[in-house]
Amino acid sequence: MRSSGRFAFCGLLLVLSLLPACTGEGTEDGVATSAPGATATSQPEADEPAAPSEAEAEKVYRIGISADLTTTNHWAYLGPDGTIWNGYVLGGSKPALYAYSAQRYDWVPSVAADFPTPLAEEEVAGETFWTTEVELLEGVKWSDGSDVTAEDFAFTANTAAEMQLTGNWPSIVDPEFFDHAETDGPYRLKIFFKQKPGLARWQFGLAFMPIFSRSYWEPVVAEARQAGDTTEQQKVLFSHVPEGEPSAGGFIFDQWERGAFAEKDENPDYSFRGTEVALYASGAYSAITAGLNDFTAYGEPGGETVLEYVEGPFAASTIYSIYGSQDAAVLALKKGDIDFMLNPLGLSKGLQEQLAGEDGLTTIENASDGVRYLGFNFRRAPMDSRAFRQAVATLIDKEFLVDTVLQGVAIPIYTMVPEGNGAWYNADVPLIGKGLTRQERVDRAVELLKAAGFTWETEPRVSEDGNFIEQQGEGLRMPNGKPVPAMQVLAPSAGYDPLRSTFAIWIERWLSEVGIPLRANLTGFNVIVEKVFDQQDFDMWILGWGLSPFPDYLESFFHSRHSELEGYNPGGYNNPDFDRLADGLLAETDLEAARQQAFEMQAFLAEDLPYVVLFDTPIVETYRSERIDFPYTETWGGLQSVSGMPTLVDFR
């Protein structure tokens with residue numbers, strides 16, 4: 001998830017199909033998992049938000065979302081409940097030391113006063129650490145009137161490490177690197193690392209960590225410590241309902257009515273209100289907050305500006321109406337009930353056509369920040385066979401589906417880094433199956449399987465013209481002689497995402513034709529999440545991720561250490577050679593060297609195939625331009641990647 005206003009977290013937030021993730025996300029269109037026994041909810045008594053006065057109604061930002069929240073607890077959101085929908089609503093309330101700038105993704109201070117000191121090797125009480133120091137701005141306020149301090153950061157990071165928090169937390173506060181944080185007064189922070197951290201674990205990891213209010217959460221953490229082992233402690237922490245929790249963002253969470261709406265109210269004491277931000281063609285960046293900070297970096301401000309805006313919020317409140325489907329949200333947008341709809345998938349072709357020509361609406365298009373993929377459960381045969389996975393990838397004709405069935409609304413892809421992320425995208429990866437005819441695909445899949453020891457009672461055969469399967473494969477057996485078991489691929493229903501459901505149906509057909517007994521199980525998003533991430537009870541699944549600009553998610557999704565429950569490697573992929581590459585990325589401190597590491601990891605994954613990366617789509621979005629205005633609309637991942645800009649949106 002990237003910044004929506006001043007604060008940002010760049011993790012792999014299940015920024016969903018995509019957040020989210022950074023986060024990403026990463027971000028999953030919603031990957032959310034739940035700690036056993038956790039019941040993190042908030043249920044106000046109201047059935048609908050209180051009716052605003054006429055003047056207030058003019059300043060209410062009305063957003064539609066296609067799925068409900070699963071928690072209002074930000075610890076849980078970054079842990080087992082990392083869905084994009086939680087991120088849309090909860091994001092932006094927590095401060096962070098550093099953030100990405102708008103559009104250009106410069107690394108810039110947020111509540112830090114300046115960049116950190118260089119990492120230095122230091123011996124303390126006979127132990128060797130790598131340390132860095134950060135000065136925080138004085139005067140950044142929580143909504144309860146207290147200052148955001150270095151103690152808040154140290155409390156958050158030390159708690160995450162002590163309780164061994166799951167989900168996104170290990171990629172933010174990595175126990176392999178982070179040791180502890182100390183303070184020297186309220187605004188001076190010193191961080192101790194066990195080993196020298198690379199970009200992924202310091203500048204683009206811990207430095208983006210959301211900071212929690214120590215005064216609010218310390219009693220909750222103290223109670224959690226009494227619960228027993230770390231698993232029980234996490235349950236207590238994640239299940240806490242944070243009523244009255246202070247915010248340091250532009251909005252304060254107000255209420256959530258399950259299945260209906262969530263509402264956030266303007267924070268009247270938001271410290272960065274009125275901040276003037278400018279990005280210059282020269283590469284310079286400036287952010288001026290009267291009475292708080294005057295920061296510039298990457299050159300001297302001056303000359304042509306490429307972006308200028310003033311921080312809000314300008315809305316009195318933001319209301320997130322929860323709809324059962326994209327169709328319902330589009331209808332609400334068309335009727336004028338909402339100003340914008342958040343969806344990591346953007347608008348499908350059919351939904352775009354429904355809104356085309358409607359008065360008062362504007363449609364925009366941006367490069368996507370996510371991928372949709374087919375994943376395998378390596379704990380079950382034959383998914384643990386590389387030859388089997390390559391055969392599956394060979395049989396999937398992405399170009400046919402995209403160009404013919406889906407009429408060009410998607411883009412076939414072969415690597416985990418989206419092309420829109422140009423600095424980290426590797427176009428030179430193995431393109432398994434690309435350009436093959438139907439007959440060539442079947443022949444190649446049979447060749448791969450036979451070479452690995454698979455056998456058929458009846459081998460599949462393609463017609464002479466190569467257009468159809470003349471003889472379907474039957475009696476496929478694994479190298480150990482056992483029949484290939486009946487399998488399912490879990491995928492979202494057509495109501496949630498017609499593109500992924502279409503892919504699932506065709507994958508079932510193509511695999512079945514060669515004798516692989518696969519059935520597409522089109523089901524609810526939360527059902528998939530529960531089976532894959534909570535239970536690890538599945539064969540294959542199709543979902544998506546929203547991804548951060550810095551691709552440390554390549555480690556988080558595929559390193560073997562993340563394969564336990566609540567981790568983001570639910571398929572159990574375990575390859576020591578890849579683990580070494582991933583460890584190298586985490587340790588790399590040089591930007592260009594990290595880029596080469598990421599290129600090598602992409603090529604490795606495109607051949608070993610823990611995922612068959614399927615497709616991407618441009619993010620097409622529509623908003624009610626007769627009522628609202630954004631300071632900019634061109635951004636990688638679309639306006640959904642910045643949660644619809646609630647802190648920046650203004651009213652006409």
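Scope of the values below: all heavy atoms of this structure, side chains included, with no hydrogens, waters or symmetry mates.
With hydrogens and angles disregarded, a donor-acceptor distance shorter than 3.5 Å links the side chain of Q536 to the backbone of S563. When atom types are taken as modelled, the side chain of S146 and the backbone of W142 share no donor-acceptor pair closer than 3.5 angstrom. Counting only distance, with no hydrogens or angles, the side chain of E232 and the backbone of G228 share no donor-acceptor pair below 3.5 Å. Side-chain atoms of S143 never come within 3.5 Å of backbone atoms of D269 as a donor-acceptor pair (strictly under, hydrogens ignored). A donor-acceptor pair is defined here as one N or O able to donate and one able to accept, closer than 3.5 Å; such a pair exists between the side chain of Y298 and the backbone of W107. In terms of modelled atom types and a separation under 3.5 Å, the side chain of N73 and the main chain of L237 share a donor-acceptor contact. The closest donor-acceptor contact from the side chain of T149 to the backbone of Y187 lies at 3.5 Å or more, if one exists at all. Listed for the K194 side chain is a donor-acceptor partner under 3.5 Å among the backbone atoms of P175.
Of all heavy-atom pairs between F193 and T132, the closest is CE1-CG2, 4.1 Å. Between L639 and L342, the closest heavy-atom pair is O-CD2, 4.5 Å. Among all heavy-atom pairs drawn from P313 and P646, the shortest one is CB-O, 4.4 Å. Between S101 and V108 the shortest heavy-atom distance is N-CG2, 4.0 Å. Across every non-hydrogen atom of A200 and L585, the tightest pair is CB-O, 4.2 Å. Between R201 and P197, the closest heavy-atom pair is CB-CB, 4.3 Å.
Under 3.5 Å, the side chains of E530 and Q535 contain a donor-acceptor pair of N or O atoms. Residues D265 and S317 bring no donor and acceptor atom of their side chains to less than 3.5 Å of each other. Looking at H559 and N574, their side chains never bring a donor and an acceptor atom within 3.5 Å of each other. One side chain, E263 or Q255, offers a donor N or O that lies under 3.5 Å from an acceptor on the other. At a cut-off of 3.5 Å, with distance as the only test, a side-chain donor of T70 or D81 sits close to an acceptor on the other residue. Residues T275 and T289 have side chains that bring a donor and an acceptor to within less than 3.5 angstrom of each other. Q164 and W169 share no side-chain donor-acceptor pair at under 3.5 Å. No hydrogens or angles considered: nothing links the side chains of H562 and E564 as a donor-acceptor pair under 3.5 Å. When only modelled atom types and interatomic distance are considered, D68 and W256 share a side-chain donor-acceptor pair under 3.5 Å. A donor atom on one side chain and an acceptor atom on the other are not found under 3.5 Å apart for Y568 and W545.
Aromatic rings from F378 and Y573 are positioned such that their centres are separated by under 6.0 Å. Ring centers of F115 and F295: under 6.0 Å apart, within the cut-off. Centroid-to-centroid, the aromatic rings of H240 and W75 stay 6.0 Å apart or farther.
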Test side-chain contact (heavy atoms from CB on, under 4.5 Å) applied to F204 and L199, step by step: CA-CA 6 Å; F204 298 107; L199 298 163; 3.9 Å; yes
Worked check of side-chain contact (heavy atoms from CB on, under 4.5 Å) between M601 and F558: CA-CA 10 Å; M601 293 166 74; F558 303 114; over 6 Å; no
ring-ring contact (aromatic ring centres under 6.0 Å, His included) between W130 and F192, worked out: CA-CA 6 Å; W130 286 88; F192 293 75; over 10 Å; no
Verdict with supporting geometry, Q234 and T166, side-chain contact (heavy atoms from CB on, under 4.5 Å): CA-CA 8 Å; Q234 291 170 22; T166 57; 3.6 Å; yes
Working for side-chain hydrogen bond (donor to acceptor under 3.5 Å, both in side chains), residues Q103 and W636: CA-CA 7 Å; Q103 287 190 320; W636 181 53; over 6 Å; no
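In this structure the side chain of L69 never reaches within 4.5 angstrom of the side chain of Y88, judged on heavy atoms. Side chains of W85 and S66 form a contact here, defined as non-hydrogen atoms less than 4.5 Å apart. By the 4.5 Å heavy-atom criterion applied to side chains, F177 and K196 are not counted as neighbours. In this structure, L547 and N421 have side chains that are not in contact, with every pair of non-hydrogen atoms separated by 4.5 Å or more. V89 has its side chain within reach of F253: a pair of non-hydrogen atoms, C-beta onward, lies under 4.5 Å apart. Residues L78 and P210 have side chains in contact (heavy-atom distance under 4.5 Å, counting atoms from C-beta outward). Between L97 and M209 there is no side-chain heavy-atom pair separated by less than 4.5 Å. No side-chain heavy atom of V134 sits under 4.5 Å from any side-chain heavy atom of F153.
Partners of E218 according to the side-chain hydrogen bond (donor to acceptor under 3.5 Å, both in side chains) rule, which considers only residues two or more places apart in sequence or in another chain, are R214. Shown here are the salt bridge (charged side-chain N to carboxylate O under 4.0 Å, His left out) partners of E223, two or more places apart in sequence or in another chain: there are none. Scored by the side-chain hydrogen bond (donor to acceptor under 3.5 Å, both in side chains) test, D537 finds R380 as partners (sequence neighbours excluded).
Separation of atoms CD1 (I63) and CD (Q640) is listed at 12.0 Å; rounding is to 0.5 Å. Here the straight-line distance linking atom OG of S247 with atom NZ of K264 works out to 8.0 Å at 0.5 Å rounding. Expressed to the nearest 0.5 Å, how far OG of S548 lies from CH2 of W424 amounts to 10.0 Å. Taking OG1 of T128 as the reference point, atom CD of E122 lies at 10.0 Å (rounded to 0.5 Å). The OH atom of Y61 lies 8.5 Å from the CE atom of M645; values are rounded to the nearest 0.5 Å. Going from atom CG of N569 over to atom CD of E555 covers 9.5 Å, rounded to the nearest 0.5 Å.
Screening residues 153-163 for side chain to side chain donor-acceptor pair (under 3.5 Å) gives E162-R225 as the qualifying pairs, with residues at least two apart or on separate chains. The stretch residues 142-155 participates, sequence neighbours left out, in these salt bridge (charged side-chain N to carboxylate O under 4.0 Å, His left out) pairs: K141-D147. Sorted by first and then second residue, the pairs that involve residues 124-137 and meet salt bridge (charged side-chain N to carboxylate O under 4.0 Å, His left out), not counting sequence neighbours, are E133-R188, E135-R188.
Under 4.0 Å is where a charged nitrogen must lie from a carboxylate oxygen, and between D174 and R561 at least one such pair does. The pair R273-E266 meets the salt-bridge criterion, since a charged nitrogen lies less than 4.0 angstrom from a carboxylate oxygen.
Judged by a 6.0 Å distance limit and a 45° cone about the ring axis, K94 is positioned over the six-membered ring of F212.
Aromatic ring orientation, Y611 versus Y373: parallel (interplanar angle below 30°, classes split at 30° and 60°). Between F557 and Y553, the ring-plane angle classifies as tilted under the 30° and 60° cut-offs.
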